[in-house]
Structures are given as structure tokens and as C-alpha cells.
Amino acid sequence: MAENQNGKSGGKKALRIVLAIIFLLIFICCCVYIGFNIYGRLAPDEKYTDKPVTTQQAEQTEATVENPVDFTALQQKNSDIYAWIKIDDTEVDYPIVQNAESDSFYLKHSAEDKSWLSRGAIYTEAVNSKSFLDPITLVYGHNGYGNTMFTTLHKFEKKDFFDSHEYFLVYLPGRRLTYQVISAFKYDDRHIMNSFNFYYGEDLQNFQKIITNPDSALKNVRTELDVPVDENSKIIILSTCFTGQKSNRYLVCGVLVKDEKTN
């Protein structure tokens, strides 16, 4: 009887050991499964991770806009053509030129082929680069030759027109620049680019104050702008004359709000 009891006792003990091992293995498997499950939830999925986009990727995916100007054809006729300006509901829809030899050349010459033309062309002087990245770019055009050149800039004298025509465009090869009109006002006939050094902070600030708050009886000003006017602004000044007022100029001032690539 004692031997039977000892045998039964030993068998029960072995069974308990086997069961304990089985439960231990099940417990370990459960822990491993739970651990992998938690890691899978917490670990970032590579497919949806926000990875930094390289410059090359940005250039490849950046949307472009249409450029209606055939600069190649224009420059075959006149290599001085480097930009095009268009203002809706005016007659301003012209190439912009710059002559390397004479700032006054396009006062009386055509942008199309450099032939003599009394109404001249829309032009900039050599003090400005052709990139429109200067703090101030001054663009000139005649007034008084019918509705040609910059004559119809005077439409901005009317508040209704000023308020409803907030933007204008400048095209370059590969780029479209959108300007928001800051102000339009009567100014004196000083040579602006020779009167201020726009790479000197105080001069730039003073002139920006003039165009954002002109001291003129004839003015329209936009107080709510898409971008602030500060030391980083790229501003374009469109300058023309008044009929019968030799000592005055009419300025339409815009600040660059968008620089887009074109196809």
C-alpha cells in the first residue's frame, strides 16, 4: 500500500510540474503577443510618416501656372525685352525693356524693334536689376499718347476702380509675379532712384511710409494688405506723368504677394 501511495504521489507531482510548464509557456506566448501588439500600435507606420521633402522633390512637385508670353520670340526681335506687365481693365499690357547703354533710350523708341517711336516703351533703368528682387523697382511709361503706355494708370484715381482692381501681374521667363496695389497718388517729379538709397534702411523705411501713407490730396490707399510692408518687401512703382503738369508724377505702387513658376 505504501508503495502505491508513493507512486500516486510522484505521479501527481510530475503532472503538476508538466501543467506548470504548460501554463508558463502559455503565459510567455501571451506576453510576447501582447508586446508585439502594443509595439505595432505605438510604432510609426513608415507609409504615413511625415518625412522632410528635399529641395529636389519640392521642385518636381511644385505646381506651375501658365505663362502666355512668348519671350523667346520677343527677344529674337529685341533682346532688351525681359518682362511683361498686365493690368486688368486698362490698356497696360506691354513688354518691359531695359537698355544697357542709355536709360533714356526707350523714352522715344519702340520695345518691339528699337525703332523711333514718340510714345516710347515701358522701361526700367540700369539702377534696377531685371529680377524684380530689388527693394524698389521703378517702371516708367508715358502718359498722353491716346490710351497707350501708362496713360490708363490714371484710372486708379477713381476710388471705385482702385478698390476693385487690387492686383496686377508681371511675367518673366519662367515666373509670374503678382502685386497687390498699395496706393496710387500724385507725387513730385524728383528722380526717385537717385533721391533714395533703398539699400540703406532709413531711406527705405522713409519711402515705404510715403507710399503707405501718401501726403497728397490726390490719393487712394489700401490699408489691408496680404503681406506686411517691411524691410523684406519687394515693391514696384509704376510712374507716369500728368497732362499739363510737368512737375508732378502719378505713382501706382504694388507689393509682391506671390512669385510662381510658369510652364
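Just so it is clear, the model here is predicted, and its values are computed rather than measured.
Atom CD1 of Ile192 sits about 5.0 Å away from atom CG of Leu251, to the nearest 0.5 Å. A distance of 6.0 Å separates OG1 of Thr90 from CZ of Phe161, quoted to the nearest 0.5 Å. With rounding to the nearest 0.5 Å, the separation of CG in Leu238 from OG1 in Thr137 is 10.5 Å. Atoms CZ and CG, from Phe196 and Leu204 in turn, are 10.0 Å apart once rounded to the nearest 0.5 Å. Atoms CG and CD, on Asp103 and Glu125 in that order, are 4.0 Å from each other to the nearest 0.5 Å. Interatomic distance, Ser233 OG to Ile182 CD1, rounded to the nearest 0.5 Å: 7.0 Å.
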Salt bridge (Lys or Arg N to Asp or Glu O under 4.0 Å), that's the test. Do Lys114 and Asp80 meet it? Break it down for me.
CA-CA 9 Å; Lys114 295 187 178 182; Asp80 286 348; 3.5 Å; yes

What's the verdict on side chain to side chain contact (heavy atoms under 4.5 Å, CB included) for Phe168 and Ile85, showing C-alpha distance, side-chain angles and the deciding distance?
CA-CA 8 Å; Phe168 63 87; Ile85 183 168; 4.2 Å; yes

Side chain to side chain contact (heavy atoms under 4.5 Å, CB included) between Ile237 and Phe207, worked out:
CA-CA 11 Å; Ile237 309 295; Phe207 191 72; 4.1 Å; yes

Tell me, with the steps shown, if Leu177 and Asp259 meet side chain to side chain contact (heavy atoms under 4.5 Å, CB included).
CA-CA 5 Å; Leu177 309 179; Asp259 185 344; 3.3 Å; yes

Test side chain to side chain contact (heavy atoms under 4.5 Å, CB included) applied to Ile96 and Phe132, step by step
CA-CA 12 Å; Ile96 301 176; Phe132 287 87; 4.0 Å; yes

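Between Thr240 and Thr151 the shortest side-chain heavy-atom distance does not fall below 4.5 Å. With a 4.5 Å cut-off on side-chain heavy atoms, Ile235 and Val255 count as touching. For the pair Asp93/Trp84, a side-chain contact is recorded, criterion being any heavy-atom separation below 4.5 Å from C-beta on. Side-chain contact check for Trp116 versus His109: some heavy-atom pair is nearer than 4.5 Å. Looking only at side-chain heavy atoms (C-beta outward), Val170 and Tyr179 come within less than 4.5 Å of each other. Counting heavy atoms from C-beta outward, Pro68 and Lys86 have side chains that stay 4.5 Å or more apart.
Looking only at distances, a side-chain donor or acceptor of Asn128 sits under 3.5 Å from a matching main-chain atom of Leu138. Remark: side-chain polar atoms of Lys234 are not paired, donor with acceptor, to backbone N or O of Leu256 under 3.5 angstrom. A donor-acceptor pair under 3.5 Å is absent between the side-chain atoms of Asn220 and the main chain of Asp163, judged by distance alone. A distance-only check finds no donor-acceptor pair linking the side chain of Ser247 to the backbone of Asp189 [under 3.5 Å]. With Thr152 contributing its side chain and Glu91 its backbone, the two residues share a donor-acceptor pair below 3.5 Å. One N or O on the side chain of Arg175 and one on the backbone of Ser131 form a donor-acceptor pair closer than 3.5 Å. The closest donor-acceptor contact from the side chain of Gln208 to the backbone of Asp230 lies under 3.5 Å. The backbone N or O of Ser118 sits less than 3.5 Å from a side-chain atom of Lys108, completing a donor-acceptor pair. Although no hydrogens or angles enter the test, the distance criterion places no donor-acceptor pair under 3.5 Å between the side chain of Asp215 and the main chain of Ile210. Distance alone, capped at 3.5 Å, places no donor-acceptor pair between the Asn213 side chain and the Lys209 backbone.
Taking each heavy atom of Ala126 and Gln98 in turn, the nearest pair found is CA-OE1, 3.6 Å. A pairwise comparison of heavy atoms in Lys77 and Glu112 identifies CB-O, 3.5 Å as the closest pair. Nearest heavy atom pair, residue Tyr171 against residue Glu66, reads CE2-O, 3.9 Å. The minimum heavy-atom distance between Ser239 and Phe150, with the atom names listed, is O-CD1, 3.5 Å. Minimum heavy-atom separation, Ser164 to Asp160: OG-O, 2.9 Å. Of all non-hydrogen atoms in Gly174 and Asn67, the two that sit nearest each other are N-ND2, 3.9 Å.
Note on Ile81 and Leu107: same hydrophobic cluster, where clusters join Ile, Leu, Val, Met, Phe, Trp and Tyr whose side-chain heavy atoms are under 4.5 Å apart, directly or indirectly. When the side chains of ILVMFWY residues are joined at heavy-atom separations under 4.5 Å, either directly or via intervening members, Ile122 and Tyr82 end up in a single hydrophobic cluster. Cluster membership for Tyr94 and Leu169, using ILVMFWY side-chain heavy atoms within less than 4.5 angstrom, is not shared. Hydrophobic clustering of Ile, Leu, Val, Met, Phe, Trp and Tyr side chains at less than 4.5 Å, counting indirect connections, keeps Met149 apart from Tyr140. Put simply, Val69 and Val97 are part of the same group of oily side chains (I, L, V, M, F, W, Y) that touch within less than 4.5 Å, one to the next.
Counted by atom type alone, Asp134 and Tyr199 present one or more donor-acceptor pairs between their side chains at under 3.5 Å.
In this structure, His165 and Phe156 have perpendicular ring planes: the angle between them is above 60°, well past the 30° mark. Using cut-offs of 30° and 60° for the angle between ring planes, the Tyr250 and His154 rings count as parallel. Using cut-offs of 30° and 60° for the angle between ring planes, the His142 and Tyr145 rings count as tilted.
If you run side-chain contact (heavy atoms from CB on, under 4.5 Å) between Tyr167 and each of Val257, Ile87, Val181, only Val257 comes through.
Here Arg222 pairs with nothing under the side chain to side chain donor-acceptor pair (under 3.5 Å) rule; sequence neighbours left out. Evaluation of the side chain to side chain donor-acceptor pair (under 3.5 Å) rule for Lys158 yields no partner, not counting sequence neighbours. With sequence neighbours excluded, the residues satisfying side chain to side chain donor-acceptor pair (under 3.5 Å) with Ser115 are Asp113.
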